[in-house]
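Working notes for the structure below.
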Amino acid sequence: SAELKQAWGTSSETVNFDGALVWIYRQEPFKTIEVTLEEGLVSSIVIYLKNPIQPDELAEKLNLQALRFVSIRDELGEKLGRSYPERGVSFGLHSVTQEHVASQILLEPINSEHFLLRAKNDRKHQYQQNLTDLETTIKLDPKSAEAHNLKAELLTILRSPVEALVHANRALELDNNMPRFRLTRAN
């Protein structure tokens with residue numbers, strides 16, 4: 001937090017939110033920037049854009065266009081955002097007429113959640129890329145039963161039954177209450 005104050009100065013507002021401090025900056029060319037600190041360390045930064053922008057255009061400005069993104073959706077399938085897991089960057093989207101525009105940029109430490117989401121939501125059957133995402137997920141979160149199970153399913157499709165069984169067994173070790181994991185092992 002000392003380095004942040006030195007680089008950005010004192011925040012215009014400070015809010016205590018669920019035990020974390022949120023420093024709010026009003027800094028051009030942005031609407032606001034919220035920096036969340038937990039135990040004195042920055043855990044996330046949310047940048048609110050003054051002018052919403054097309055997500056592809058924002059990705060290009062941030063040199064993210066070469067990376068695969070994952071769409072973040074609510075339980076009804078409505079687009080809420082887009083994440084670039086390799087960079088820890090997400091865009092918050094909102095609907096304007098028939099299209100979605102980016103109105104926020106979220107920066108957070110790289111974690112397993114969005115790699116797993118990208119592998120789960122692949123509709124193009126990019127199995128090798130999905131395996132890479134699952135390997136990254138497992139590296140970041142070795143206790144992700146869901147990642148081990150999904151990797152077992154993919155390895156079964158790719159005709160690697162021995163390795164698939166290893167991951168199916170690991171998924172069951174981590175969470176033996178999921179019937180789907182038992183089905184994967186049975187296959």
ask   = Which pairs count as ring pair (Phe, Tyr, Trp, His ring centres under 6.0 Å) when at least one residue sits in residues 18-68, sequence neighbours excluded?
value = Trp8-Tyr25
message = With a 4.5 Å cut-off on side-chain heavy atoms, are Val22 and Thr14 touching?
response = no
ask   = What pairs with Glu86 under salt bridge (Lys or Arg N to Asp or Glu O under 4.0 Å), at least two apart in sequence or on another chain?
value = Arg118
message = Rounded at 0.5 Å granularity, tell me how far NZ in Lys31 sits from CD1 in Ile47.
response = 14.0 Å
message = With rounding to the nearest 0.5 angstrom, report the CG to CG distance, Leu131 to Leu150.
response = 8.5 Å
message = To the closest 0.5 Å, what do you measure between NE2 (His94) and OG (Ser103)?
response = 5.0 Å
Ser112: partners by side chain to side chain contact (heavy atoms under 4.5 Å, CB included), with sequence neighbours left out = Thr137, Leu140, Asp141
With sequence neighbours excluded, residues passing salt bridge (Lys or Arg N to Asp or Glu O under 4.0 Å) with Arg26 = Glu13
request  = Take Glu113 and Glu108, measure what side chain to side chain contact (heavy atoms under 4.5 Å, CB included) needs, and give me the verdict at the end.
outcome  = CA-CA 12 Å; Glu113 181 182 353; Glu108 57 188 347; over 6 Å; no
ask   = Is Ile138 reachable from Phe115 through a run of I, L, V, M, F, W or Y residues, each pair having side-chain heavy atoms under 4.5 Å apart?
value = no
task = Tell me whether Ile110 is reachable from Leu106 by hopping between hydrophobic residues (I, L, V, M, F, W, Y) whose side-chain heavy atoms are closer than 4.5 Å.
result = no
task = Look up atom NZ in Lys143 and atom CZ in Arg170, then write down how far apart they are to the nearest 0.5 Å.
result = 7.5 Å
message = For the backbone of Pro142 and the side chain of His148, can you confirm whether one donor and one acceptor N or O come within less than 3.5 Å of each other?
response = yes
query = Same cluster or not: are Leu4 and Leu21 linked, directly or through other Ile, Leu, Val, Met, Phe, Trp or Tyr residues, by side-chain heavy atoms under 4.5 angstrom apart?
reply = yes
message = Could you work out, with side chain to side chain contact (heavy atoms under 4.5 Å, CB included) as the rule, every residue matching Asn177, not counting sequence neighbours?
response = Asp175
ask   = How would you list, by chain and number, every residue that makes a side chain to side chain donor-acceptor pair (under 3.5 Å) with Glu28, sequence neighbours excluded?
value = Lys50
Stepwise side chain to side chain contact (heavy atoms under 4.5 Å, CB included) test for Ser144 and Leu116 = CA-CA 9 Å; Ser144 173; Leu116 179 60; 4.1 Å; yes
ask   = If you group Ile, Leu, Val, Met, Phe, Trp and Tyr by side-chain heavy-atom gaps below 4.5 Å, do Ile105 and Leu64 land in one group?
value = yes
ask   = What residues, two or more places apart in sequence or in another chain, satisfy salt bridge (Lys or Arg N to Asp or Glu O under 4.0 Å) together with Lys120?
value = Glu146
ask   = Apart from Phe181 itself, what residues make up its hydrophobic cluster when side-chain heavy atoms of I, L, V, M, F, W and Y under 4.5 Å apart count as a link, directly or indirectly?
value = Leu172, Met178
query = Could you give the distance from CZ (Arg87) to CG (Leu107), rounded to the nearest 0.5 Å?
reply = 12.5 Å
Just list the side-chain donor-acceptor pairs under 3.5 Å for residues 151-164, sequence neighbours left out, or say none.
unit_1 : atom_1 : unit_2 : atom_2 : d
Glu153 : OE2    : Asn149 : ND2    : 3.1
Glu153 : OE2    : Thr184 : OG1    : 3.2
Thr156 : OG1    : Ala152 : O      : 2.9

ask   = With side chains defined as the heavy atoms from C-beta onward, is the minimum distance between Ser11 and Val35 less than 4.5 Å?
value = no
query = With sequence neighbours left out, what residues match Asp56 under side chain to side chain donor-acceptor pair (under 3.5 Å)?
reply = Arg82
message = How long is the straight-line distance from CD1 of Ile33 back to CG of Leu49, given to the nearest 0.5 Å?
response = 10.0 Å
message = Which heavy atom of Val70 sits nearest to which heavy atom of Pro85, and what is that distance?
response = CG1-CG, 4.5 Å
inquiry  = If you compare all heavy atoms of Leu93 against all heavy atoms of Pro55, which two are closest, and at what distance to 0.1 Å?
reply    = CD2-CG, 3.8 Å
query = Do the non-hydrogen side-chain atoms of Ile53 and Phe91 ever get within less than 4.5 Å of each other?
reply = no
Sub-4.5 Å side-chain heavy-atom contact between Val101 and Gln54 = yes
ask   = Out of curiosity, does Val15 fall in the hydrophobic cluster containing Val46 (side-chain heavy atoms, cut-off under 4.5 Å, transitive links)?
value = no
key: Linked hydrophobic residues, Leu174 as query - side chain contacts closer than 4.5 Å   = none
remark   = Closest non-hydrogen atoms of Ser71 and Leu117, given as atom of the first, atom of the second and distance, are O-CD2, 4.0 Å
Partner residues of Arg68 under the salt bridge (Lys or Arg N to Asp or Glu O under 4.0 Å) criterion, sequence neighbours left out = Asp133
